[in-house]
Amino acid sequence: MTTHKVDFISDVHVDFWIKETGPSAKLENQIAEFIEDILVPKGGDVLLIAGDLGHYFTQDTTLLKKLKEYYNDICIVYGNHDLYLVSNNLQAKYKYNSFNRITEMQEFCKENGIHYLAGGAVDINGLVIGGTGMWYNTPKGSDVDFWKRTMNDSSLIMTHKPQTFMYGYGASTTM
């Protein structure tokens with residue numbers, strides 16, 4: 001029987017800890033210090049990240065690249081904060097569609113050997129890991145309508161085209 005060393009983190013919210021958002025040596029140094037001081041990686045086989053890395057692509061990807069130095073495999077799913085468009089610039093960049101952030105991160109992960117789980121599974125040397133993002137179908141009506149009524153920060157999640165969610169259900173609400 002093969003054993004695997006698996007570490008787990010969630011709700012990192014890197015931008016709550018680090019203010020530098022653009023690509024720079026300063027950002028890389030801050031991320032390295034953050035990992036050593038706050039995340040304290042054990043290193044090894046697999047790191048599971050259960051959503052909410054942060055709000056800025058450059059911070060998130062710098063963190064993931066640095067974590068790849070400690071772990072053979074990283075598996076990640078998205079959380080609600082990974083959908084947030086927290087500024088006018090980000091809203092315009094992602095064309096007022098939060099799911100464009102997810103697409104960009106999926107592409108980055110594919111290019112960098114990181115397993116982005118969006119309803120699928122991956123076999124890592126006999127260890128099968130499955131996962132999906134935080135979105136799910138509600139019993140009544142549109143998922144987007146439900147979140148808009150119940151989340152105090154739902155205004156930061158935007159979409160203006162139908163989306164297919166984890167179980168194949170969709171919503172066509174403009175936010």
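The two residues Asn125 and Thr2 have their closest heavy-atom pair at O-CG2, 4.3 Å. Contact between Pro23 and Thr58 at its shortest, heavy atoms only, is N-CG2, 3.6 Å. Heavy atoms only, all atoms of each residue included: Val12 and Ile9 are closest at CG2-CD1, 3.7 Å. Here the closest non-hydrogen pair linking Gly43 and Tyr71 is N-OH, 3.4 Å. Here the closest heavy-atom approach between residue Ala50 and residue Ser10 is recorded as O-OG, 3.4 Å. Residue His13 comes nearest to Asp11 through the heavy atom pair CD2-O, 3.0 Å, listed as atom of the first residue, atom of the second, then distance.
His55 pairs by the ring pair (Phe, Tyr, Trp, His ring centres under 6.0 Å) definition with Phe16, His81, Tyr84, not counting sequence neighbours. Applying the side chain to side chain contact (heavy atoms under 4.5 Å, CB included) rule to Thr61 yields the partners Phe57, Met105, Phe108; only residues at least two apart in sequence or on another chain are considered. Every side chain to side chain donor-acceptor pair (under 3.5 Å) that Glu104 has, sequence neighbours left out, goes to Tyr94. Listed by chain and residue number, Asp45 satisfy the side chain to side chain contact (heavy atoms under 4.5 Å, CB included) test with Asn72 (two or more places apart in sequence, or in another chain). Applying the side chain to side chain contact (heavy atoms under 4.5 Å, CB included) rule to Gln30 yields the partners Ile18, Glu20, Lys26; only residues at least two apart in sequence or on another chain are considered. Under the salt bridge (charged side-chain N to carboxylate O under 4.0 Å, His left out) criterion, Lys68 pairs with no residue at all, not counting sequence neighbours.
Counting heavy atoms from C-beta on, the side chains of Tyr56 and Val14 never come closer than 4.5 Å. Side-chain atoms of Ile102 and Gln106, non-hydrogen and from C-beta on, do get closer than 4.5 Å to each other.
The salt bridge (Lys or Arg N to Asp or Glu O under 4.0 Å) contacts involving residues 69-84 comprise Lys66-Glu69, where partners must be two or more places apart or lie in separate chains. Annotation: salt bridge (Lys or Arg N to Asp or Glu O under 4.0 Å) contacts involving residues 46-64, sequence neighbours excluded, comprise Asp60-Arg101.
Cluster note: Leu48 groups with Val6, Phe8, Val46, Val77, Leu117, Val122, Ile124, Leu127, Ile129 through ILVMFWY side-chain heavy atoms spaced under 4.5 Å, whether in direct contact or through intervening members.
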(message) Please evaluate residues Leu67 and Leu47 with respect to the criterion side-chain contact (heavy atoms from CB on, under 4.5 Å), reporting the C-alpha separation (whole Å), side-chain torsions for both, the decisive distance (0.1 Å), and the verdict.
(response) CA-CA 9 Å; Leu67 287 170; Leu47 174 64; 3.8 Å; yes
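Separating the CD1 atom in Ile74 from the CD1 atom in Ile114 is a distance of 5.0 Å, to the nearest 0.5 Å. Put simply, OG1 on Thr62 and CG on Leu27 are 4.5 Å apart, with the number rounded to the nearest 0.5 Å. How far CD1 of Ile76 is from NE2 of His115: 12.0 Å, rounded to the nearest 0.5 Å. Rounded to the nearest 0.5 Å, atoms CD (Glu107) and OG1 (Thr103) are 6.5 Å apart.
Environment of NZ in Lys110: sparse, with no more than 12 heavy atoms of neighbouring residues, nucleotides or ligands closer than 6.0 Å.
Although no hydrogens or angles enter the test, the distance criterion places a donor-acceptor pair under 3.5 Å between the side chain of Lys19 and the main chain of Asp15. Within the 3.5 Å criterion, the main-chain N or O of Gly126 finds no donor-acceptor partner in the side chain of His4.
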Just list the side-chain donor-acceptor pairs under 3.5 Å for residues 34-42, sequence neighbours left out, or say none.
unit_1: Glu36; atom_1: OE2; unit_2: Tyr70; atom_2: OH; d: 2.2

